[in-house]
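Remarks on the structure that follows.
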Amino acid sequence: MTLNTLKATEAATLLLDWYDRHHRDLPWRVSPPMAARGALADPYHVWLSEVMLQQTTVQAVKAYFDKFLTLWPTVENLAAAETEDVMRAWAGLGYYARARNLKKCAEAVAREHGGRFPETEEGLKALPGVGDYTAAAIAAIAFNRKSAVLDGNVERVISRLHAIETPLPAAKPEMRRLVSELTPSNRPGDFAQAMMDLGAKICTPKRPACALCPFGGSCRALTIADPETFPRKAGRKEKPLRLGAAFVAIDSSDAVYLRKRAASGLLGGMTEVPGTGWTARRDGDTSIDAQPFAAAWEACGTITHVFTHFELHLSVYRAKVAQAVACAEGWWEPIASLKRQALPTVMKKAIAQAIPHAFKPV
DNA sequence: AAGCCGTGGCG
DNA sequence: TCGCCAAGGCT
């Protein structure tokens, strides 16, 4: 029996029964006893977790989710926060436009919606940083709306259930239609989370555990082919290698010279040490000649960092300066407080290369 | 509308 | 080891 003959309502019931027994307990979900009584998760918690989870693993998100709720317990608190503090708290999680939009979204909810999240997909999607997926997920999980939630997990599950040959992303409209047909009126939020849990734990990218799948023999990919080969995807481009340099200056009071990157683009709005203008498209100078100011620079090795679309090799230079060189654009930050700055991982690597103890606990 | 945008873990 | 990829959105 394939999904064509298995009724959608029956399929949804099979999945919800599986979810009742095997769902993951996650910090942003309501406790199972509360959920059984029909309790819904706090929309602020759902939104915050969903934005953090965009292209990011559950494991990586957990600590950040806790930190944000401790710092800003409500959306009003987050709306009132300093953007720089939000960027500092987000540092290390990646895709920093999410943090900028997170702040803007909190402000919009607080000021334009009286502190309450819109309850419709349309209203949610109008918010900064909330796209098709996140709007549908919040509507379903926080407001029990019957919205079609389609993320990477669901794409994988649906593509296998129906053995969809069309490659992504062209297949997304068809997949969204199929998810919509499968989504039940009863417990749509649990259904969405169940599809994602299934994709994360059973219908995995590699070596799926088909023997444990609640859809069992109704999966077309399992019947006719190798489920692991779905979803079909267009080939990936190879990443170019870019070169550049980073200059770590340390003054007599053990402070490091930092400056702020442009507000948008790569690592937008984040903090950096002076570099040589490398970008995703262009190499920067790797020589000592590119020094930001005159000092006794010494080479101290290279670091490698892999971004989404290119790989970067940075030659790292270090200099001790007798006193803080006057520089209008940046500031001198004590080594002891570096870990609280909005430093992306690539910059922490560069600084750690020059000052091995910089980020180690005292 | 395809390219841009981080990071860490895993097989 | 290294390519893949994880609850995508923006332009």
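Chain identifiers are assigned alphabetically (A, B, ...) following the order of the sequence lines, protein sequences preceding nucleic acid strands; residue numbering begins at 1 within each chain.
Less than 6.0 angstrom separates the ring centroid of A:Phe307 from the ring centroid of A:His305. Here the two rings, on A:Phe247 and A:Trp297, have centers that are under 6.0 Å apart.
Atom CD in A:Glu311 sits roughly 16 Å away from atom P in B:dC5 (whole-Å rounding). Rounded to an integer number of Å, the gap from CD of A:Glu272 to P of B:dG6 is 13 Å. Rounded to an integer number of Å, the gap from A:Leu241 CG to C:dC2 C1' is 15 Å. As a whole-Å value, the separation of A:Met347 CE from B:dG6 P is 11 Å. One can place CD of A:Gln59 at 14 Å from C1' of B:dT7, the figure rounded to the nearest angstrom.
Counting any heavy atom pair closer than 4.0 Å across all strands shown, A:Leu267 reaches sugar-phosphate atoms only and no base atom. When heavy atoms are screened at a 4.0 angstrom cut-off, A:Pro169 is found touching no nucleic acid atom at all. Backbone-only contact: A:Val346 has heavy atoms under 4.0 Å from sugar-phosphate atoms and none from a base. As judged by a 4.0 angstrom heavy-atom cut-off over every strand, A:Gly268 is placed among residues making no nucleic acid contact. Nucleic acid contact class of A:Ala192 (heavy atoms, under 4.0 Å, all strands): none.
Residues passing the salt bridge (charged side-chain N to carboxylate O under 4.0 Å, His left out) test with A:Lys146, sequence neighbours excluded: none. Applying the side-chain contact (heavy atoms from CB on, under 4.5 Å) rule to A:Glu329 yields the partners A:Tyr257, A:Arg259; only residues at least two apart in sequence or on another chain are considered. Residues meeting the side-chain contact (heavy atoms from CB on, under 4.5 Å) test with A:Thr271, sequence neighbours left out: A:Glu84, A:Leu258, A:Lys260, A:Trp331, A:Ala342, A:Leu343.
Residues from residues 65-77 of chain A with heavy atoms under 4.0 angstrom of DNA chain B: there are none.
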Quiz item: Along nucleotides 3-11 of chain C, 5' to 3', which nucleotides get a B, which get an S, and which get a -, given that the test is a protein heavy-atom distance under 4.0 Å?
Solution: -SSBBBSS-
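Cation-pi geometry between A:Arg24 and A:Trp18 is not met at under 6.0 angstrom from the ring centre and within 45 degrees of the axis.
For B:dT7, one of the phosphate oxygens OP1 or OP2 lies less than 4.0 angstrom from a side-chain nitrogen or oxygen of A:His305. An OP1 or OP2 oxygen of B:dC5 is reached within less than 4.0 angstrom by a side-chain nitrogen or oxygen of A:His309.
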May I have the list of side-chain donor-acceptor pairs in residues 130-140 of chain A shorter than 3.5 Å, sequence neighbours left out?
from, atom 1, to, atom 2, distance (Å)
A:Asp132, OD1, A:Lys125, NZ, 2.6
A:Tyr133, OH, A:Glu50, OE1, 2.6
A:Thr134, OG1, A:Gln54, NE2, 3.0

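For the C1' atom pair drawn from B:dA2 and C:dA7, the interatomic distance equals 23 Å after rounding to whole Å.
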